[in-house]
Amino acid sequence: MKKPFQIAVAIAGGLILAATAVGPANAANQKVGNSPDGSGANSRVATNAVGPVVTYYDVVNQTTTPNYINYSNRLTYCMAVTAGQTCQISQTFSVTRTIGVDLGYSREGVAAELSISSAATASVSVTCTSPVLGAGQRFEAYPIGTRYSYQIKKWGTMQPVTYSGWLTAFNPNGGIACRVS
């Protein structure tokens with residue numbers, strides 16, 4: 001009766017190699033393989049070399065909205081305490097650059113495919129003057145930029161094609177929009 005007596009797994013140079021040798025049940029007292037002297041010099045060893053798993057990513061189904069006002073990121077505001085006041089916003093802001101990621105794709109990878117910076121913020125210097133405000137009215141500032149909607153596609157060796165849900169990115173363009181609320 002023959003049974004497996006050795007299983008070896010090695011990772012070398014990114015390759016996974018597995019070898020199993022089959023020999024007699026009492027291998028210590030028996031000849032190995034088909035060599036005349038029992039040394040195993042002519043024995044056959046089953047090997048299975050599997051190449052490295054390679055993963056690819058791509059940004060797909062991309063749409064862009066230029067001059068998008070990011071109302072979810074108010075930068076600042078001023079408020080009229082009494083009717084008839086005006087206010088001026090004159091400041092340098094650090095505006096958040098958002099980049100949605102999923103499926104293991106990096107922020108830097110998505111940014112490169114969108115042709116935008118991967119930095120978390122952008123500096124914006126602006127001045128905005130309000131019209132005459134009523135008591136309790138606010139004058140608010142919001143960043144302007146390009147909004148991207150997209151999906152991430154992931155595929156590779158020994159992997160099915162997978163798509164993320166819809167993701168968004170916002171890339172500030174250096175301007176702000178001001179409004180009375």
Side-chain angles (χ1 to χ4, degrees), residues 9-16 50-181:
V9 176
I11 300 176
L15 297 178
I16 300 172
V50 178
V53 175
V54 179
T55 301
Y56 300 97
Y57 295 95
D58 200 8
V59 171
V60 296
N61 302 323
Q62 177 184 328
T63 62
T64 59
T65 306
N67 298 315
Y68 176 82
I69 301 170
N70 190 353
Y71 288 115
S72 65
N73 186 17
R74 184 179 66 211
L75 301 172
T76 191
Y77 70 93
C78 57
M79 185 174 76
V81 177
T82 58
Q85 292 181 315
T86 62
C87 66
Q88 184 178 50
I89 297 170
S90 182
Q91 189 173 341
T92 298
F93 299 97
S94 181
V95 179
T96 302
R97 177 181 290 111
T98 59
I99 301 174
V101 297
D102 198 5
L103 303 177
Y105 201 15
S106 70
R107 176 184 177 91
E108 293 76 15
V110 173
E113 290 203 49
L114 296 176
S115 299
I116 64 175
S117 170
S118 63
T121 60
S123 183
V124 177
S125 296
V126 291
T127 299
C128 209
T129 304
S130 76
V132 175
L133 300 172
Q137 281 189 309
R138 295 190 310 187
F139 189 57
E140 302 172 331
Y142 297 89
I144 299 174
T146 301
R147 183 178 191 267
Y148 302 85
S149 295
Y150 53 90
Q151 291 179 290
I152 294 173
K153 176 183 174 184
K154 176 182 177 181
W155 77 101
T157 57
M158 301 174 58
Q159 301 176 57
V161 175
T162 307
Y163 291 89
S164 70
W166 284 97
L167 302 168
T168 60
F170 175 73
N171 187 43
N173 68 8
I176 65 167
C178 297
R179 73 174 183 182
V180 175
S181 66

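Just so you know, these numbers come straight off a predicted model, no measurement behind them. Computed from heavy atoms alone, side chains included, the values below leave out hydrogens, waters and symmetry copies.
- Annotation for Ile176 and Ala141: closest pair CD1-CB, 3.8 Å, computed over non-hydrogen atoms.
- When the ring-ring contact (aromatic ring centres under 6.0 Å, His included) test is applied to Tyr142, the partners found at least two apart in sequence or on another chain are Tyr71.
- Qualifying side-chain hydrogen bond (donor to acceptor under 3.5 Å, both in side chains) partners for Thr55, counting only residues two or more places apart in sequence or in other chains: Gln159.
- Considering CG of Leu167 and OH of Tyr148, their distance stands at 15.0 Å, rounded to 0.5 Å.
- Sorted by first and then second residue, the salt bridge (charged side-chain N to carboxylate O under 4.0 Å, His left out) pairs involving residues 154-171 (not counting sequence neighbours) form an empty list.
- Listed by chain and number, the residues in a side-chain hydrogen bond (donor to acceptor under 3.5 Å, both in side chains) with Gln88 are Thr129 (sequence neighbours excluded).
- Atom OG1 of Thr157 and atom OH of Tyr56 lie 7.0 Å apart (nearest 0.5 Å).
- Among residues two or more places apart in sequence or in another chain, the side-chain contact (heavy atoms from CB on, under 4.5 Å) test is passed with Val161 by Lys153, Trp155, Tyr163.
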If you look only at distance, which donor and acceptor atoms sit under 3.5 Å apart when one is on a side chain in residues 96-108 and the other is two or more places apart or in another chain?
from   : atom 1 : to     : atom 2 : distance (Å)
Arg97  : NE     : Asn171 : OD1    : 2.6
Arg97  : NH1    : Ala119 : O      : 2.9
Arg97  : NH1    : Thr121 : O      : 3.4
Arg97  : NH2    : Asn171 : OD1    : 3.4
Thr98  : OG1    : Phe170 : N      : 3.2
Tyr105 : OH     : Gly109 : O      : 3.3
Tyr105 : OH     : Glu113 : OE2    : 2.6
Ser106 : OG     : Gly109 : N      : 2.9
Arg107 : NE     : Ser118 : O      : 2.8
Arg107 : NH2    : Arg97  : O      : 2.8
Arg107 : NH2    : Ser118 : O      : 3.4
Arg107 : NH2    : Ala119 : O      : 3.2

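- Contact record, Thr146 with Pro66: OG1-CA, 4.2 Å, taken as the closest heavy-atom pair.
- Ile144 contributes atom CD1, which lies 10.5 Å from atom CG of Asn70 (distance to the nearest 0.5 angstrom).
- Sorted by first then second residue, the salt bridge (charged side-chain N to carboxylate O under 4.0 Å, His left out) pairs that include residues 52-61, not counting sequence neighbours, number zero.
- Ile116 places none of its side-chain heavy atoms less than 4.5 Å from the side chain of Val110.
- Taking all atoms of both residues into account, the shortest heavy-atom contact from Thr65 to Tyr68 is O-CB, 3.6 Å.
- In this structure, OG1 on Thr63 lies 11.0 Å from OH on Tyr150, to the nearest 0.5 angstrom.
- Between the CD atom in Gln137 and the CD atom in Gln85 there is a gap of 11.0 Å [rounded to 0.5 Å].
- The side-chain contact (heavy atoms from CB on, under 4.5 Å) search around Thr92 returns Ser123, Ser125, not counting sequence neighbours.
- Gly174 and Val126 make their closest contact through O-CG1, 3.9 Å (heavy atoms, listed as atom of the first residue, atom of the second, distance).
- Note on residues 82-123: pairs passing disulfide bond (SG atoms under 2.5 Å apart), not counting sequence neighbours, are Cys78-Cys87.
- Heavy atoms only, all atoms of each residue included: Leu133 and Ala80 are closest at CB-CB, 3.6 Å.
- By the side-chain contact (heavy atoms from CB on, under 4.5 Å) test, Ser181 pairs with Arg138, Glu140, sequence neighbours left out.
- In this view, Pro131 and Phe139, Val180 satisfy the side-chain contact (heavy atoms from CB on, under 4.5 Å) rule, not counting sequence neighbours.
- Nearest heavy atoms, Val81 versus Ala135: O-CB, 3.8 Å.
- Counting only residues at least two apart or in different chains, disulfide bond (SG atoms under 2.5 Å apart) contacts with residues 152-181 comprise Cys128-Cys178.
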